[in-house]
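Step one of this worksheet: look at the structure below.
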Protein chains: 2
Amino acid sequence: MADTDTDTGAKTPRERYRAQVRAEIKERAWEQIATAGASALSLNAIAKQMGMSGPALYRYFAGRDELITELIRDAYRSLADTFRAASASAPGAGLAELARALRDWALEDPQRYFLIYGTPVPGYHAPDDITAIAGENMAMLLDAAAAPAPDGPVTSTATSTATSAMTSATTALDTDLEGLGRQWADGHPAPAAHLHRALAFWTRLHGILSLELAGHFNGMGFDPGLLYAAELDDLLAHSPPH
Amino acid sequence: MADTDTDTGAKTPRERYRAQVRAEIKERAWEQIATAGASALSLNAIAKQMGMSGPALYRYFAGRDELITELIRDAYRSLADTFRAASASAPGAGLAELARALRDWALEDPQRYFLIYGTPVPGYHAPDDITAIAGENMAMLLDAAAAPAPDGPVTSTATSTATSAMTSATTALDTDLEGLGRQWADGHPAPAAHLHRALAFWTRLHGILSLELAGHFNGMGFDPGLLYAAELDDLLAHSPPH
DNA sequence: AGAATTAGTTAGAGGCTATCACGAAGCGTA
DNA sequence: TACGCTTCGTGATAGCCTCTAACTAATTCT
């Protein structure tokens with residue numbers, strides 16, 4: 001679907017071929033991950049599946065780690081594209097659109113979600129270009145968190161009346177958050193309230209998605225989508241004052 | 001520390017020895033997991049580390065999967081003990097104590113947390129006794145969510161005034177949650193509002209902990225503990241009416 | 001057409017899980 | 001105490017895996 005490599009440059013026929021093989025390797029890798037998880041990814045199995053024997057894949061990827069890193073990169077890119085599309089859908093697209101897009105994206109391929117937000121391997125450090133994409137995503141989230149709700153909360157009938165209750169812990173966090181926007185999204189100047197809402201948005205929705213995709217809601221007969229919608233509404237109910 | 005096996009029965013000297021070896025294996029396994037993650041756990045390495053050669057460990061565990069399952073079981077047990085201790089600390093111990101205990105427990109050994117709440121391996125299904133412990137934990141959480149706050153929120157100065165704003169998504173979830181308590185905690189009859197708060201508590205705190213332990217807050221210079229406290233306060237601010 | 005680059009092969013080292021058959025302890029009991 | 005049964009630990013082996021090295025074959029460039 002997302003042929004990220006097929007159309008890179010593609011000048012000489014060798015590069016074309018190379019890019020195509022790389023893309024097919026990644027495709028098989030994604031299938032394997034979707035069915036058995038990232039830990040069960042086997043270069044050998046992919047090679048055999050493609051009709052060539054073992055070490056041939058090392059012409060295309062330096063090793064298993066590089067392949068997985070590439071998949072992580074693609075996952076981040078895919079999420080960024082999804083966010084971009086959601087932001088472009090409406091002029092003043094806000095958190096609701098992002099939330100919808102995030103959930104759809106996560107449900108589309110749970111293991112891809114876990115490749116980004118799942119259990120980290122202690123030694124691993126993502127390369128800079130990947131953290132850069134993560135920063136882009138954070139920037140889009142911040143933009144949405146800064147934009148006021150169009151006409152009150154979209155999927156909600158609540159009038160945002162309860163905005164004044166400030167707890168001490170919130171103020172403590174907000175002072176910590178003061179003037180921190182510069183480090184996050186490439187020079188994004190954001191007030192603490194926006195950072196705070198962006199963080200709450202991120203952590204709350206991730207909390208639900210993570211537990212849902214991992215199957216922790218399985219026994220209990222309720223609809224995680226409703227919980228997601230309720231939390232989103234609660235988030236939107238405390239909208240920016242203007 | 002948590003010698004779950006050392007003191008099981010211990011009648012004949014053989015059983016004593018066996019239990020002790022099993023405990024040492026698990027100890028080494030925990031060390032390995034803490035430093036390299038669960039996917040890097042190697043029976044062979046543990047055996048070599050204990051001075052015996054490879055297949056000897058199969059006398060004590062049927063295989064790698066059984067050892068990991070046992071570690072997961074111990075992790076759930078440890079969390080249950082932690083919750084129990086937090087609940088027993090004060091007579092009307094509520095969500096605040098549970099939240100504190102959960103965070104301390106998670107930070108104490110992140111990989112142990114991820115063993116429960118991390119990336120699931122697609123094929124795996126936890127045995128019934130493990131899901132039973134998970135149910136116990138849910139029950140304790142529900143108890144805390146049902147208990148009214150002692151004298152207003154503990155770590156907060158907020159007066160819980162904003163309780164009346166009901167969004168449509170919330171009511172949709174609450175009708176879905178109606179009369180669901182029976183399935184969860186062994187016959188626990190809980191109103192929808194309590195279930196809802198328990199779920200919000202769980203998912204929000206897990207969302208923060210998961211991202212924090214995975215290092216997703218690393219670049220951004222704020223204190224995750226403050227975010228945790230702020231979210232907890234927000235949770236407690238919408239306390240039960242009585 | 002010849003030279004240089006690249007693709008893919010087999011062989012092999014070293015790691016892992018897991019099974020099997022065998023010796024070597026230990027334990028309960030006659 | 002001495003016998004027999006049970007259990008522990010061993011080496012050997014099969015079958016995976018990652019990854020390196022040397023070699024062949026195909027393709028592209030000059």
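By convention in this document, chain letters (A, B, ...) are assigned in the order of the sequence lines, proteins followed by strands, and residues within each chain are numbered from 1.
Look at CD1 on Ile46(B): it is 13 Å from C1' on dC16(C), rounded to the nearest Å. At whole-Å resolution of the value, OH in Tyr60(A) and P in dT18(D) are 17 Å apart. If you measure from atom CZ of Phe61(A) to atom P of dG8(C), you get 13 Å, rounded to the nearest angstrom. Tyr58(A) has its OH atom 15 Å from the C1' atom of dT9(C), to the nearest Å. For the pair Arg59(B) CZ and dT6(D) C1', the interatomic distance rounds to 10 Å; values are reported in whole Å. At whole-Å resolution of the value, CG in Leu57(A) and P in dA7(C) are 12 Å apart. Atom CD in Glu24(A) sits roughly 15 Å away from atom C1' in dG8(C) (whole-Å rounding). Distance Glu66(B) CD to dT17(C) P: 15 Å, rounded to the nearest Å.
One distance of note links CG of Leu211(A) with CG of Asn218(A); it measures 11.0 Å at 0.5 Å rounding. The OG1 atom of Thr69(B) sits 7.5 Å away from the CD atom of Glu66(B) when rounded to the nearest 0.5 Å. The distance from atom CD of Gln111(A) to atom CD of Gln32(A), rounded to the nearest 0.5 Å, is 12.0 Å. Taking CH2 of Trp202(A) as the start and CG of Leu98(A) as the end, the distance is 13.0 Å to the nearest 0.5 Å.
Distances shown here put every side-chain N or O of Thr12(A) at or beyond 4.0 Å from the OP1 or OP2 atom of dT28(D). The phosphate of dG15(C) has neither OP1 nor OP2 within less than 4.0 Å of any side-chain N or O from Asn44(B).
Position along DNA chain C of the nearest nucleotide to Pro13(B) versus Ala62(B) favours Ala62(B) as the more 5'-ward residue. Judged by closest nucleotide on DNA chain D, Arg14(B) is the one of Arg14(B) and Ala56(B) placed further toward the 5' end.
Set against dC16(C), dG8(C), dC17(D), the side chain of Ser42(A) has dC17(D) as its closest nucleotide. Distance from the side chain of Lys48(A) is smallest for dC17(D) among the nucleotides dG8(C), dG26(C), dC17(D). The side chain of Pro55(B) approaches dG11(D) more closely than any other nucleotide in the set dG8(C), dG11(D), dT20(D). Of the candidate nucleotides dA7(C), dT10(C), dC8(D), dA7(C) has the atom nearest to the side chain of Arg18(A). Here the side chain of Leu43(B) is nearest to one of dA18(C), dC17(D), dT9(C), namely dA18(C).
Listed for the Glu97(B) side chain is a donor-acceptor partner under 3.5 Å among the backbone atoms of Gly94(B).
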